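Encoded as structure tokens, the structure appears first; notes follow it.
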Amino acid sequence: MIAPAADPATRHAGRAGRAAFVAAAAVAGATSVTALRRWDPEVVGWYPPCPTRLLTGLDCPGCGSLRGLHDLANGDVLAAADHNLLLVVAVAWLAVVAVRLLLRARPHGAGAARAWLVAVAVFTVARNLPLVPFLPSG
Amino acid sequence: MPYCSSCGQALDPSASYCPSCGTRTGAGTGAGPLGGAGSPYPPPPRAPIPTYLPQAILTTLFCCLPLGIVSIVYAASVSGKQAAGDVEGALEASRKARSWAWAAFGVGLAGIALWMLFAVSSGAVSDGGLQ
């Protein structure tokens, strides 16, 4: 008897706890996206800066994702990709994972984690090189 | 040492329920000698061990902290070890991937909350028409 692996956050809480967790995450996500859509991180100053960038001046793999999410929430995929290309890829991939989870399928293939590791490493190096346009967070 | 069939937690051989996730172990219920929890062998081929890769990606891209990357490293290790048949190692890596993802999320959330509190209360930044 092999039970499906439970979600990490809610394993102890059971089905009701899991539903509550998913609902809370959905509300938090929708609130964040609504706020990001309304208030542009390039205009208002109360969004947090990236600590990596603040300390080192370098772009981390997440730099630009806040501005990118603002662009995505307003339907501008190209501007989002300009701020953080990996963000656009990640949002698409996470959407696929979410659908597969809903269908109770395996969320992703066995090589996905390694592929992401390589992608994040290459992206981080490339976006800090002056030779590659488009990739820096801008 | 028997293992929980659901979460892989090592079990007391006499336990009826997993102390970690509450799944019935099958101890004393006549479950087969191989396979189910309560067996003296690690679980045989089973449901994929969770990698927590989606959580790791989320924390890496939205928390700007290196903790999320540690989680991706462990997620990659889960897949590799499970493919190699190292269930014990894969479960350990899975637990670490989960811990690092949540640590990254917690640190990121705390940092964001502190920053916003500071930024708004100090009045040092434009509120962009918030009020």
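Below, chain A is the first sequence line, B the second, and so on; all start at residue 1. Note that the structure is a prediction, hence the values are computed from the model and not measured.
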Say whether A:Phe134 and B:Leu61 are linked into one hydrophobic cluster, either directly or through other cluster members, by side-chain heavy-atom distances under 4.5 angstrom.
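Yes: a chain of side-chain contacts under 4.5 Å links A:Phe134 to B:Leu61.
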So what's closer than 4.5 Å to chain A heavy atoms on B:Ile112: side chain, backbone, both or neither?
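Both parts, backbone and side chain.
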Contact class of B:Ala83 relative to chain A, heavy atoms under 4.5 angstrom
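It is neither, since no heavy atom gets under 4.5 Å.
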B:Thr60, B:Ile72, B:Ile57 screened by side chain to side chain contact (heavy atoms under 4.5 Å, CB included) with A:Pro61, the one that passes:
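Result for side chain to side chain contact (heavy atoms under 4.5 Å, CB included) with A:Pro61: B:Thr60.
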Is [X] close to chain B through its backbone or its side chain, or both, or neither, when contacts mean heavy atoms under 4.5 Å?
X: A:Leu69; value: side chain
X: A:Leu117; value: both
X: A:Arg114; value: both

In the hydrophobic cluster built from side-chain contacts under 4.5 Å, what are the other members alongside A:Leu58?
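Under the 4.5 Å side-chain rule, A:Leu58 groups with nothing.
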Under 4.5 Å side-chain linkage, directly or through intermediates, the cluster mates of B:Leu117:
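For B:Leu117, no cluster forms, as it stays isolated from other hydrophobic side chains.
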Would one find more than 12 heavy atoms of other residues, nucleotides or ligands at under 6.0 Å from atom CG of A:Leu78?
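At most 12 heavy atoms, drawn from other residues, nucleotides or ligands, come within 6.0 Å of this atom.
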Is it the case that the ring center of A:Trp93 lies less than 6.0 angstrom away from the ring center of A:Trp116?
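Yes, the ring of A:Trp116 comes within the 6.0 Å limit of the ring of A:Trp93, centre to centre.
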Do A:Tyr47 and A:Leu36 touch side chain to side chain, with heavy atoms closer than 4.5 Å?
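Touching, per the 4.5 Å side-chain cut-off.
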At under 4.5 Å between heavy atoms, what parts of residues 118-129 of chain A are in contact with chain B? List them by residue number.
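Hits under 4.5 Å: A:Val120.
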Hey, could you give me each pair passing salt bridge (Lys or Arg N to Asp or Glu O under 4.0 Å) that has a residue in residues 43-57 of chain A? Not counting sequence neighbours.
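Listed by first then second residue: A:Arg53-A:Asp59.
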